[in-house]
Amino acid sequence: MSVALELRHVCKSFGTFHAVQDLSLSVPVGSVYGFLGPNGAGKTTSLRMILGMLLPDSGELSVLGSPSAMAVRNRVGYLPEEKGMYRTMTAVEAIAYFATLKGVSGRVARARARDLLGRYGLGAFADKKIEALSKGMGQKVQVLASIAHDPELVLLDEPFSGLDPVNQEVLEEVIVDLKARGCTVLFSTHVMAHAERLCDRLIILGGGRGLFEGTVAEARRRMPVQIRVEWVDPTQALESLPGVRSRTRQEGGIWCLELDSGASAAAVLEACFERSLRLRRFEVRENDLHEVFVHLVGPGAREATLR
Amino acid sequence: MRNTLLIAVREFLDNARTRGFWFGILLVPLIWMVASQVPLLLARKGTPTRHFALIDTSADGRLGAVVSGRLKEVESRRENLRFREWVAPRLRSDQPLSGLDPASRPWERLQQELTPWMKDDAGRFTPPEPLHRRVALSKELEWRGDRGEFEARLRDWMREDRTFRPEGSDREVSLFAVAILEEDPASNAPPSLRFWSVNQADTQLRERMGEALSREFRRREYARLGMDPVVVDQVEKGQARVIGLDPRKAAGEERVGAADLLRQWAPSAFVYLLWIAVFGVSQMLLNSLIEERSNRILEVLMSSVTPLELMAGKLVGVAAVGTVMALAWIGSLVLVTFWMIHTSGAAALAPDSMVTRLPIELATLLGDSWLLPAFGLYFLLGYLFYAGVILALGSTCNDLKEAQNFTGVIALLMMVPLVSITFIPKDPNGPVATVLSWIPPYTPFVMMNRVAAHPPMLEVIGTLVLLVVSDIVVLWACARIFRIAVLRTGQPASLAQLLRWVLGR
């Protein structure tokens, strides 16, 4: 598996504030990689270091095989968190301008700009000035500007923020299309649903550190399995069930059982049958990424927000 | 290099597409045209005919005749001048006009002489309405021989701003002035003029009358003393021959003429242009940088280009805008001057006069002298200095409001060369000019202003080297600040912080 982007023990501080601490990650070529974390987790600083706008205090980076993104900048696309464009340029001009800065010839850049605008629903606005477009449209134009030079690696910082649900779907389509043609995509987000749908791998950052790195399934497994059970005859026998870490009584006589790490729901069900417990309900709840995220970064993020 | 050029081209086009750019280009020739044409236009069309009455109390009515004669003389000169303007575009340009001296002929005669050379559809000239027309007073204001009594009636009448219909006129007019001419036949005292008017701003008529009376008095006195008035007239016309000579000019060409005056003062005009150009384009640079910062475009740019490429691109792009503007101003000044002189008729009837030759002299001056190269050089070096400072400070500001704190100080510093424009040409190599020349932010303006006075070569080279070194230092410091500040958000940096960035601490 070849690697498009790799960070090894990267650290960055601003004065006494440690923005990124000992961050390591590896993004395979052609994958979609999620960069998750609460505000102030170090996502933007990490992206700026990847792009060579900031230099790490320590650690190593490899971007498309180069230690500096500036050396391969024409093969990298970037959409910053704060979106903005030249207001007096038309959509075509703006996309083409940024593509030419990435080494594409003017003629090819304009043709690609029109093609992209048409493909993603902005064909009718190609010759409209940015100032005449809605905020969402302007943001889509900026996304297209970051990929018009046909990059091998695309870094998108909070690409979904500010977009309505329809345009969020269009952006998801853009990311899927990029992946389909072999491009590596790394995007940061707060919205776990996008990461669950799109990411092959992801990292969850908190307080400048990597708290988890792996696939979505691996992330889900980080949380204990929960089972909701309801007995016909309330009994004390459930206390002796194997692998149950805790049990909480909920409304309507339903119990929520949280299993130990590594314990299986099937073993619990088997034990119920062995003990002849009559069940009315046995429901295994699948953890979603949102819960994993809150579980990992929750307390720290709250503190950071209140600070 | 390619990216620098791309940024420069975008910067240029972005500015060139604005109304402000075209307004800036048209503004200078427009001001020049308005400043020179409006007073003429107002004089021609805007001044109405003023009606005045003349009361001559001299025994033989001689004073009134003298004053009327003088006013008639002035009026016919005005008609002649207007005729010249009228006839110029109506002449067939291929016909020779030599041998005609328009100053010596009344327009009626000149029109007769020029008829063979005039275009077929030229038509006939209509003389303008006179500036001042003498009218007889109405019955209620008639002169009854007692000045005190007359003036009492006149004062009341004029205060009420009344109108009346003069004899032979078909409309009511207001009375601009009443002039009472007096003299004491028993004494040799000069005659007096009592000039009643509610308009004290227009003194032209009063001065002309006073001048005519004074001249008449002197003529009479010379005669009384037994001197021939004709001889006296000739003597009075005599003037000392003043010849200005410049030792720096080649032998036989030392005489200082109007062209030399132009040479001496033209640099001052160029300093104005330089100042407007440097200040204007520095402001453009700041606006463009602040737009990119506030619209968060800089971060996208910084993922594509290095800070140095971005800075250089912006500097070159905006410099190109400034150069186009300055060239357009200089070119249009020459063209507008040429057009004004051509349409005024002076070119056709007095081809060798200084006025006619002004645009040619100006063009020759620009072609032959160091003015244009000096302007180009000092524009570039001055621009780089101020642009460097503006870029460094602007890169730390989030919006125009924050930036104005800095630009206010810069504008204040830039007032010094503006103030010095008028006094430096009078003492171009004096101590003030010399000291100001060695202060890098002022060097471009002050040295440009001294260019005609041939400052010592050592000073020219020394100040130039100092300015180039200062530009390099400013741009180096700017680059160091720019690369850090450009992605920074929050409060603008303090001066101490800027210094730390420059020193790399």
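Since the model is a prediction, treat every value here as computed from it, not as a measurement. Labels below follow one simple rule: chain letters A, B, ... track the order of the sequence lines, proteins then strands, and each chain is numbered from 1.
Within residues 92-103 of chain A, the residues having any heavy atom closer than 4.5 Å to a heavy atom of chain B are A:Glu93, A:Tyr97, A:Phe98, A:Thr100, A:Leu101, A:Lys102, A:Gly103, listed by residue number. The stretch residues 146-154 of chain A places none of its residues near chain B, where near means some heavy atom under 4.5 Å from a heavy atom of that chain.
Both the backbone and the side chain of B:Ile7 come within contact range of chain A, with heavy atoms under 4.5 Å apart.
Residue B:Tyr272 places its OH atom among 12 or fewer non-hydrogen atoms of other residues, nucleotides or ligands, all under 6.0 Å distant. Within a 6.0 Å radius of CH2 in B:Trp22, no more than 12 heavy atoms belonging to other residues, nucleotides or ligands are found. More than 12 heavy atoms of other shown residues, nucleotides or ligands fall within 6.0 angstrom of atom CZ in A:Arg181. The 12-atom threshold is not exceeded at CZ of B:Phe23, counting heavy atoms of other residues, nucleotides or ligands nearer than 6.0 Å.
Among B:Leu13, B:Val300, B:Asp14, the residue with the largest count of heavy-atom pairs under 4.5 Å with chain A is B:Val300.
Using a 4.5 Å cut-off on side-chain heavy atoms (C-beta onward), A:Met70 and B:Thr306 make contact. Residues B:Glu299 and A:Glu81 fail the side-chain proximity criterion, which asks for heavy atoms closer than 4.5 Å.
In this model, no donor atom of one side chain and acceptor atom of the other lie less than 3.5 Å apart for B:Glu291 and A:Tyr86.
Remark: A:Leu47 CG to B:Ser303 OG distance equals 11.0 Å, nearest 0.5 Å. With values rounded to the nearest 0.5 angstrom, A:Arg73 atom CZ is found 10.5 Å from B:Met302 atom CE.
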